[in-house]
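Working notes for the structure below.
First the proteins, then the strands, lettered A, B, ... as listed; each starts at 1.
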2 protein chains.
Amino acid sequence: MQTECICLGLLTTGPKSGYEIKQFLSGPLNQIMSLSFGTIYPTLNKMLTDELVSCKQKAQDKKPDKKIYSITKKGQKWFEQNLLESSSEWLRSGNYGDQVKSEFLMLILFSEYLPKETTNLVINERLLFAKQILALLQYDGPVTQTGAQMRNTPQGSFLRGLMTNIISSGIDYIEKNRNKLGK
Amino acid sequence: MQTECICLGLLTTGPKSGYEIKQFLSGPLNQIMSLSFGTIYPTLNKMLTDELVSCKQKAQDKKPDKKIYSITKKGQKWFEQNLLESSSEWLRSGNYGDQVKSEFLMLILFSEYLPKETTNLVINERLLFAKQILALLQYDGPVTQTGAQMRNTPQGSFLRGLMTNIISSGIDYIEKNRNKLGK
DNA sequence: ATATATATATATCTTATTGATATATATATT
DNA sequence: AATATATATATCAATAAGATATATATATAT
């Protein structure tokens with residue numbers, strides 16, 4: 001149900017192929033949402049049957065057809081209806097720094113069973129990884145037209161700002177308190 | 001593979017039933033990791049076959065038997081080995097405020113299609129929800145013996161501190177910048 | 001006093017989702 | 001020239017979530 005809604009939401013900014021939806025969900029947005037091809041393609045097909053999207057097939061010689069999906073009027077209506085209905089649910093089920101699946105933090109919880117040098121190494125690499133993501137979020141160079149949604153809209157700026165804020169304060173905390181983890 | 005590791009990690013602090021594992025993962029730790037019964041029970045059974053855990057069945061009249069699982073020596077070895085091997089993977093796959101599945105933030109991204117009053121209401125409720133979780137994290141009253149792992153160990157304090165930090169800065173950002181979302 | 005809700009406790013089943021793999025070609029890099 | 005990466009779609013097995021069924025005890029509200 002959500003998968004449909006997310007794909008439709010991304011299609012509101014213009015027609016896209018399944019590959020482009022995946023691409024978009026692999027940019028800065030990847031920090032808050034991801035979908036695999038195994039989810040995207042079946043969902044697109046299902047929505048085609050339900051007439052929530054239409055599909056224009058571009059023939060390409062020797063390559064498989066490029067299938068460009070557009071949201072239909074029925075789809076737009078369904079999307080807005082569904083967004084409204086699920087808003088109170090999405091509010092709680094989501095996570096942005098208050099509900100956060102984290103294998104890294106589980107590793108820290110269990111770190112007493114890890115060689116102390118490994119724990120140190122893991123934290124170093126984690127900080128590096130976090131800083132790479134920060135850089136990706138703050139990057140202001142050219143983007144594909146798909147990524148413009150994260151740039152030029154107030155919603156996109158808000159999200160980028162929030163994520164930057166959360167990640168930075170996480171990095172700060174780890175740097176200041178890592179010494180308190182048992183040695 | 002991870003499910004096994006997480007269950008074993010929780011069993012290192014003492015024998016537990018499947019229900020108690022679920023309980024523990026529904027406390028403050030729920031913010032970073034959760035498992036459903038549909039995952040816990042089959043995993044426990046699989047690990048019993050593999051002799052990573054042992055099981056003491058307590059007969060109870062008229063109630064189903066209480067099955068208490070303990071980590072075996074083989075299990076402890078497997079756990080430590082696996083923790084070490086997967087550490088470099090868990091480092092990246094995890095999310096704590098830098099990679100964060102968030103239906104709430106997707107809702108914000110799509111909020112232009114939501115009635116403006118709804119967006120406002122959603123943000124208000126979200127802030128309330130976040131503050132409830134903060135209170136839960138900072139709560140210092142009595143806990144079940146299972147929860148002690150999050151209290152009395154340096155790892156537990158570190159996690160609680162990090163989560164508190166991340167959530168607080170998220171709340172701050174939202175309060176200061178919500179006016180910038182289109183009206 | 002009684003009804004209702006919540007907590008304890010295990011288990012199964014359908015559905016959703018991931019992650020891996022297969023296929024095919026163009027383009028960029030070494 | 002060789003290799004790696006990007007474009008592009010699709011399927012499938014393995015994993016995991018979420019719902020539901022079952023059974024009882026206890027706490028709370030009417």
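Near-neighbour residues of DNA chain D inside residues 37-52 of chain A, defined by a heavy atom below 4.0 Å, number-ordered: A/F37, A/G38, A/Y41.
Scored by the side-chain hydrogen bond (donor to acceptor under 3.5 Å, both in side chains) test, A/K56 finds no partners at all (sequence neighbours excluded). Taking the ring-ring contact (aromatic ring centres under 6.0 Å, His included) definition, one finds that A/Y19 meets it with nothing, sequence neighbours left out. Residues passing the side-chain hydrogen bond (donor to acceptor under 3.5 Å, both in side chains) test with A/T39 are A/S36, sequence neighbours excluded. Remark: A/T118 engages no residue in a side-chain hydrogen bond (donor to acceptor under 3.5 Å, both in side chains) (not counting sequence neighbours).
Per the geometry, CG belonging to B/N30 stands 11 Å off P belonging to D/dG18, to the nearest Å. The interatomic distance linking A/K22 (NZ) with D/dT9 (P) rounds to 13 Å, in whole Å. Remark: P of C/dT8 and CD1 of B/I21 are 15 Å apart, rounded to the nearest angstrom. Separating the CD atom of B/E20 from the P atom of C/dA7 is a distance of 15 Å, rounded to the nearest angstrom. Atoms CD1 (B/I68) and P (C/dT8) sit 13 Å apart, rounded to a whole Å.
Put simply, B/S17 has no side-chain N or O that comes within less than 4.0 Å of OP1 or OP2 on C/dT8. Put simply, A/T3 has no side-chain N or O that comes within less than 4.0 Å of OP1 or OP2 on C/dA16.
Put simply, the side chain of B/E103 reaches to within 4.5 Å of the side chain of A/M33, judged on heavy atoms.
A donor-acceptor pair under 3.5 Å is formed between the side chain of B/K16 and the backbone N or O of B/G14.
With distances taken from any side-chain atom of B/K66 to the nucleotides C/dT10, D/dA10, D/dA8, the minimum falls on C/dT10. Of the candidate nucleotides D/dA10, D/dA8, C/dA7, C/dA7 has the atom lying nearest to any side-chain atom of B/Y19. Proximity note for A/S36 (side chain, C-beta onward) versus D/dA10, C/dT8, C/dG19: the nearest is C/dG19. Of all nucleotides listed (C/dT8, D/dA8, D/dA16), C/dT8 comes nearest to the side chain of B/Q23.
For DNA chain D, the stems formed by at least three consecutive Watson-Crick or G-U pairs, with both atom-pair distances below 3.5 Å, span C:1-30 with D:1-30.
Between A/F104 and A/F129, the ring centre distance reaches or exceeds 6.0 Å.
If you take CG on A/L83 and CD on A/Q81, they are separated by 10.5 Å, rounding to the nearest 0.5 Å.
Side-chain contact of B/N165 with B/R160: a donor-acceptor pair under 3.5 Å is absent, judged by distance alone.
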